[in-house]
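Letters go in sequence order (proteins before strands), and every chain restarts at 1. Predicted model, so just to flag it, every value in this text is computed and none were measured.
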Amino acid sequence: MKNYTYLFWGYLVVWVALAAYLVALMRRVGHVSRRLDALEAGRKKQDAGRAT
Amino acid sequence: MTRPSGKPPGFFGTAAIVLAKDLRIEGRTRETIAATLLFALVVLVIFGLAFDLDTMRRLGASKLVPGVVWITLAFSAIVGFTRSFRLERTSEAWVAVALAPVDRGAVFAGKWVANAVLLVALEIVLFPLAAVLFDVDLVSIALPLAGVTLLHTVGLAGIGTLFGGIVSRLNRGEALLATLLLPTSTPLFLSAVHCTGSVLDGKPLSDDRGWLLLTAGLDVLFVLVSLLVFDAILED
Amino acid sequence: MPRRLAYPLLAVATLATMPVALCSIFLRAPEERVMGAVQKIFYVHVPLASITFLSVFVLLVGAVGYLWTRRAAWDHLSIAAAEVGLLYCTLVLITGPIWAKPAWGVWWTWEAKLTTTVILWLLLAGILLARAYAATPEQGARIASILGAVAALDVPIVYKAVDWWRGQHPIVFGPGKPDPLAPGMGSALMLSMLAFVLLYALLVASRMRLADLSDRVAACEEAASRER
């Protein structure tokens, strides 16, 4: 049964680490995406404002 | 340093100028060699204290001394390399170097030789000192020892100059030099310790042909890479 | 394949393959005679290790690509390869000892493969740190590329050197090749390898996307501040 403890921890660490990285990446992508959209919306408004 | 012709110096000319400049600065101030030497001494003494007498006797000089000496050299070299590029940091001398119409690889070459000379000067003091502190006879094996040491020193200077250059461009980069340099030069240090151990054991150099070739190859590889890449390093 | 489809397809493929691999590992592959259940860590450890070294190669490609063309996309590849490579390397160094303790009785041995992996970890961490220390992103990209190329070229040399070094002393408990694989094991290993490769591709693609978006945000912000 000692063997199963090691096995369990091994798999747990691997999955948690990979999942955590993926989740963190996705969150940052979402963040940056929103920021980019906000910036681009701001620029469009500026350009529209200047055109009139 | 005026040249009558007004043409920019070629590769070897540039390297020679940089080398002469670095050595002259060092000759006048002697700050780098002093700091490096003192640091090396401290590390050597720490090693002397690190092992109890019984262990040292049991290990024997040829197993103990190579590792101790080369670790000491590794850390001292880092102290030296950091200062070597700091020479240019003051008064933005880098801008002048970068603007000069010379092959930047030649700048690397000059600095490489300067660093090698610095290391050799360090070793000339360090090895006899280690011989005294750890009770080793160096006189009988002086020549092969010198050869092995020179080969590895040249390589260490090359790798150190490359990373020193890279790291000097970064903010607070000096903290990074050891972290980058030491793992990369592992093969060099392994070879150095092994060959130095062999030499202390009295074995002929031909026994370690493989290691020596590996180191020579590594030296050449790093010098080539550095010459190629130094342009990119100095870009800003 | 249209680019917009590639990414979701990759995600789906990864999500699909993982459970299949896990089933294969736990349900189909026979339990190993000597070590028992712990040997199953081998099914994640080996793919993780192989892909770590694959990542070094990808890093080399990205680094050389950037130094040659100076196009940002290559640098995005570099940074992704370095980060995900570091992650996989960390996992290798964690799963290895977990397997080693029951198998050999020790957590660690300074054998060539293990030592090289540690050194690789240090090199990758150093590269990422150097990026963080750079004055500008462009300088960071340049320096990280140089360091990446040097590290990638160095790794095989390090392996050879440590191998020779350790070769002096015969290793009593050797990590040599594992016992010949029983039939169920081979396919489990293959499936696991496939799953981890797909996951690697997914992570790298995601990281590259993040890098690209970040660059565009920085460019927008710089343009905006210049106009003001």
Side-chain angles (χ1 to χ4, degrees), chain A, chain C residues 11 14 18 22 25-26 31-32 35-45 47-48 80 83-84 86-88 90-103 195-196 199-200 202-224 227-228:
Chain A
M1 277 309 117
K2 177 179 85 155
N3 285 343
Y4 278 101
T5 317
Y6 283 110
L7 182 65
F8 169 75
W9 283 110
Y11 270 82
L12 188 67
V13 166
V14 171
W15 294 130
V16 166
L18 291 169
Y21 184 72
L22 189 58
V23 164
L25 260 188
M26 290 291 115
R27 286 187 56 188
R28 282 173 68 191
V29 167
H31 239 87
V32 175
S33 255
R34 272 193 297 275
R35 179 109 181 85
L36 189 62
D37 289 341
L39 279 174
E40 284 185 341
R43 286 196 87 196
K44 287 209 184 74
K45 272 192 6 208
Q46 259 192 339
D47 292 342
R50 261 190 267 120
T52 50
Chain C
T14 309
M18 278 294 183
L22 280 173
I25 294 171
F26 285 106
E31 196 165 291
E32 210 258 354
M35 285 185 281
V38 175
Q39 182 266 352
K40 295 203 189 263
I41 291 186
F42 157 85
Y43 295 112
V44 295
H45 180 82
L48 286 172
E83 252 186 47
V84 182
L86 183 65
L87 175 66
Y88 269 54
T90 312
L91 293 175
V92 170
L93 289 171
I94 293 179
T95 52
I98 288 183
W99 181 81
K101 185 71 171 135
F196 275 100
L199 180 65
Y200 175 75
L202 183 66
L203 290 175
V204 167
S206 310
R207 185 60 183 87
M208 284 179 70
R209 181 135 172 267
L210 178 63
D212 179 48
L213 289 175
S214 302
D215 273 5
R216 283 162 59 187
V217 166
C220 264
E221 286 178 341
E222 205 204 324
E227 277 169 24
R228 267 186 246 116

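Between C:L203 and A:L22 there is a side-chain heavy-atom pair separated by less than 4.5 Å. With a 4.5 Å cut-off on side-chain heavy atoms, C:I41 and A:V14 do not count as touching.
Looking at A:L36, both its backbone and its side chain come within 4.5 Å of chain C, counting heavy atoms on both sides. For C:I94, the part sitting under 4.5 Å from any heavy atom of chain A is the side chain, from C-beta outward, and nothing else. In this structure, the portion of C:F196 lying under 4.5 Å from any heavy atom of chain A is its side chain and not its backbone. Residue contact with chain A, scored on non-hydrogen atoms closer than 4.5 Å, involves the backbone and the side chain of C:L213 alike.
Nearest heavy-atom pair, C:S206 versus A:V29, reported as atom, atom and distance to 0.1 Å: O-CG2, 4.2 Å. The nearest pair of heavy atoms linking C:S214 to A:V32 is N-CG1, 3.8 Å.
Annotation: A:W15, atom CH2; neighbour count of heavy atoms from other residues, nucleotides and ligands within 6.0 Å is above 12.
Between C:E221 atom CD and A:R35 atom CZ the span is 4.0 Å, to the nearest 0.5 Å. Here the CZ-CZ distance, from C:R209 to A:R28, works out to 13.5 Å after rounding to the nearest 0.5 Å. Between A:L18 atom CG and C:T14 atom OG1 the span is 11.5 Å, to the nearest 0.5 Å.
Per-residue counts of heavy-atom pairs under 4.5 Å with chain A were compared for C:I98, C:L199, C:T95, C:L202; the largest is that of C:I98.
In terms of modelled atom types and a separation under 3.5 Å, the side chain of A:Y11 and the main chain of C:K40 share a donor-acceptor contact.
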